[in-house]
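Proteins get letters first, then strands, A, B, ... in listed order; numbering begins at 1 in each.
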Amino acid sequence: MPELPEVEAYGRRIKDGALHRTIETVTLGNDTKHVELPGPEDRARFEGHQFTEVRRHGKYLFAGSATGPWMALHMGMAGSVRVYDAEDGNPDYARLIVAFEGSRRMAFRDPRKFGWVKYVDTPETEIEARELGPDALDLDADGFANRLEGGRGAIKSALMDQSRLAGIGNLWADETLYQTGIHPATKIPELSRDDISGLHKASDRILRGVCDVDAHYRELPDAWLIHRREEGYACTRCDGSIARIKVGGRSSYFCPKHQVEAA
DNA sequence: AGCGAGCCCTGTATGC
DNA sequence: TGCATACAGGGCTCGC
């Protein structure tokens, strides 16, 4: 689940339940052998501090404060954040647990172990080090077009390229292309200005829409692709049916009838 | 530059 | 029920 809107939802959980509470301990959870997590010294840096601020850049989440340490989190393919109380017990697949004074807890969960957590001085240094592009929701139409400029490859790969713009992954790239009527393998130079502007409008609308429902997919409009990412399902925009191809090595669901590749 | 392949590790769904 | 296989929303590295 962890693309921009899902990560935004995890950030909201922290804001709603874990801010302005003094951190007592940061401990490892279960089965952490293959998970990249802060060592004892870095974990200890958080003790006595509070998270007063949560920031998200693309798919990266940061919790910290103006004067204290920052915790950077990346969800990988299946990670999530949960805020709960000690008496509820730690959630499954909890890899890192932040214990605040009282009983409040925050866990980084990651069944597939592709995610990570680390100590960072500031979010900015981490964003810079990873060469992330601007957050997808911070781009206006011109900015969006500028970030795609110069690309010669498939539009879907560019939308998912975190150094061009940060936050869009496989799901919402497919959704954006579906709603714009553009084939995922279309080369960028073949797109018109209107195509690019349409992609910007769609991605903005989609990402905000998913944020608005806290990434609860069932609350999204019935006509969206998200509800029919299966080969053979009926398209909601024409009488085509959903197909799957590989673009940039990733499964891409689309409607071959209304998402036609330029000749 | 951009692409595909391979890889990281594990849960879930499917087919036999 | 058990077992094998394919697949999953991310991202890194390598070689062409």
OP1 or OP2 of B/dC8 under 4.0 Å from side-chain N/O of A/Lys113: no
Of the listed nucleotides C/dG9, B/dC9, B/dG2, the one nearest the side chain of A/Arg152: B/dG2
Euclidean distance for P, B/dA5 against C/dC7 (whole angstrom): 13 Å
Criterion ring-ring contact (aromatic ring centres under 6.0 Å, His included) on A/His258 and A/Tyr178, from CA distance to verdict: CA-CA 8 Å; A/His258 83 268; A/Tyr178 177 81; 5.1 Å; yes
Distance (rounded to the nearest 0.5 Å) between A/Thr27 OG1 and A/Leu96 CG: 7.0 Å
Options B/dC3, C/dG11, C/dA8, nucleotide nearest the side-chain atoms of A/Lys246: C/dA8
Sugar-phosphate only, base, or nothing, as touched by A/Gly115 at under 4.0 Å among non-hydrogen atoms: nothing
Distance, P atom - from B/dG6 to C/dA6, rounded to whole angstrom: 13 Å
Watson-Crick or G-U wobble partner of B/dC7, both distances under 3.5 Å: C/dG11
Lys/Arg N to Asp/Glu carboxylate O, A/Glu131 vs A/Arg164, below 4.0 Å: no
Aromatic contact, A/His183 with A/Phe254 (centres under 6.0 Å): yes
Euclidean distance, atom CZ of residue A/Arg109 to atom P of C/dG9 [Å, nearest integer]: 18 Å
Separation of atom CG in A/Asp110 from atom P in B/dT10, rounded to whole Å: 10 Å
Spacing of A/Phe108 atom CZ relative to C/dG10 atom C1', expressed in whole Å: 12 Å
Sugar-phosphate, base or nothing in reach of A/Arg164, heavy atoms under 4.0 Å: sugar-phosphate
Short N-O contact, A/Arg105 and A/Asp85, less than 4.0 angstrom: no
Between B/dC9 (P) and A/His74 (NE2): distance, integer Å: 18 Å
Interatomic distance, A/Leu61 CG vs C/dG10 P [rounded to whole Å]: 16 Å
Side-chain donor/acceptor of A/Tyr253 to base of C/dG9, under 3.5 Å: no
side-chain hydrogen bond (donor to acceptor under 3.5 Å, both in side chains) between A/Asp194 and A/Ser197, intermediate numbers included: CA-CA 5 Å; A/Asp194 281 354; A/Ser197 137; 5.3 Å; no
Nearest-nucleotide pick for A/Arg244, side chain only, options being C/dG9, C/dC7, B/dA1: C/dC7
Atom pair distance, as rounded to whole Å: CE in A/Met77 and C1' in B/dT10: 11 Å
Near-parallel close stack of A/Phe114 and C/dG10 base (under 5.5 Å, under 30°): yes
Nearest-nucleotide comparison on DNA chain B, the residue closer to the 5′ end among A/Asp31 and A/Val247: A/Val247
Touch class at under 4.0 angstrom, heavy-atom based, for A/Arg250 against every strand present: base
For A/Asp174, the option from A/Arg244, A/Arg229, A/Arg250 that meets side-chain hydrogen bond (donor to acceptor under 3.5 Å, both in side chains): A/Arg229
Contact state string [nucleotides 11-16 of chain B, B base, S sugar-phosphate only, - no protein heavy atom under 4.0 Å]: S-----
Given C/dC12, B/dT10, C/dG10, the nucleotide with the shortest approach to the side chain of A/Met160: C/dG10
Gap separating the CD atom of A/Glu8 from the CZ atom of A/Arg56, nearest 0.5 angstrom: 4.5 Å
Atom pair distance, as rounded to whole Å: NZ in A/Lys187 and P in B/dA1: 16 Å
Nucleotide of C/dG9, B/dC9, B/dT10 approaching A/Ser251 most closely (side-chain heavy atoms): C/dG9
Length of the CG-C1' vector between A/Leu159 and C/dG9, whole Å: 15 Å
Distance test, side-chain N/O of A/His34 to OP1/OP2 of B/dC8, below 4.0 Å: no
Any A/Arg130 side-chain nitrogen or oxygen under 4.0 Å from OP1 or OP2 of C/dC12: yes
Check: A/Tyr217 ring centre within less than 6.0 Å of A/Trp172 ring centre: yes
